[in-house]
Amino acid sequence: QVQLVESGGGLVQAGGSLRLSCEASGTFVRINDMAWYRQAPGNQRELVAGITSGGRRNYADSVKGRFTISRDNAKNTVYLQMNSLKPEDTAVYYCNVDAPGSDYEFGMYYWGKGTLVTVSS
């Protein structure tokens, strides 16, 4: 009952920037934590950045100082601003949100289908 639509991926040269967006829609009473994960070919999916409903942020060490996660609660949207991109950032990026449909539900996490980011040398 919750759908996540990511956008903003594409092909960019090293040193460039991209801004990813993820909008949630469907049936839910609130959105708690929101996060971005990524999965490179042959690798496990890893957490890139997360943000709580109160605005507390955390980042993977590999992206600190380059990426910024933010959210717009009025639009049910989470963003990932990616600067100084490196070839090793190449991956499919996935949005993940905790969006319970009632006050009796907990840990209702949903995944987007992913958006591809390719960084060339």
Do [X] and [Y] share a hydrophobic cluster, counting only Ile, Leu, Val, Met, Phe, Trp and Tyr and linking them when any side-chain heavy atoms are less than 4.5 Å apart?
{"X": "Leu18", "Y": "Leu4", "result": "yes"}
{"X": "Ile51", "Y": "Tyr37", "result": "no"}
{"X": "Leu85", "Y": "Leu80", "result": "yes"}

What pairs of donor and acceptor atoms, side-chain ones from residues 19-31 against any protein atom, are under 3.5 angstrom apart with sequence neighbours left out?
residue, atom, partner, partner atom, Å
Arg30, NH1, Asp103, OD1, 3.3
Arg30, NH2, Asp103, OD1, 2.4

Does anything in residues 41-79 form a disulfide bond (SG atoms under 2.5 Å apart)? List the pairs, not counting sequence neighbours.
none
Give me each pair satisfying disulfide bond (SG atoms under 2.5 Å apart) with a member in residues 39-80, each pair once, sequence neighbours excluded.
none
What ring pair (Phe, Tyr, Trp, His ring centres under 6.0 Å) pairs are there with at least one residue in residues 43-89, not counting sequence neighbours?
none
According to the side-chain hydrogen bond (donor to acceptor under 3.5 Å, both in side chains) rule, which pairs have a member within residues 88-98, sequence neighbours left out?
Asn32-Asp98, Arg38-Asp89, Arg38-Tyr93, Arg66-Asp89
Compare every heavy atom of Leu47 with every heavy atom of Ala60, then report the nearest pair and how far apart it is.
CB-O, 3.5 Å
For a quick test of reading the model, state the closest non-hydrogen atom pair linking Ala14 to Pro87 and the distance between them.
CB-CD, 4.1 Å
The reported gap from CH2 in Trp36 to CD in Glu46 (rounded to nearest 0.5 angstrom) is 14.5 Å
Distance check, rounded to the nearest 0.5 Å: Arg71 atom CZ versus Arg57 atom CZ?
10.5 Å
Going by side-chain heavy atoms closer than 4.5 Å, which hydrophobic residues are tied to Leu11, directly or by a chain of links?
none
Could I get the full list of side-chain contact (heavy atoms from CB on, under 4.5 Å) partners for Asn83, not counting sequence neighbours?
Ser17, Gln81
Show the atom names and distances, to 0.1 Å, of all donor-acceptor pairs under 3.5 Å that link a side chain in residues 106-121 to residues at least two apart or in another chain.
residue, atom, partner, partner atom, Å
Thr115, OG1, Gly9, N, 3.3

From CA spacing to verdict: side-chain hydrogen bond (donor to acceptor under 3.5 Å, both in side chains), Asn58, Arg56
CA-CA 7 Å; Asn58 67 287; Arg56 185 173 182 178; over 6 Å; no
More than 12 heavy atoms from other groups under 6.0 Å of CD on Gln39:
yes
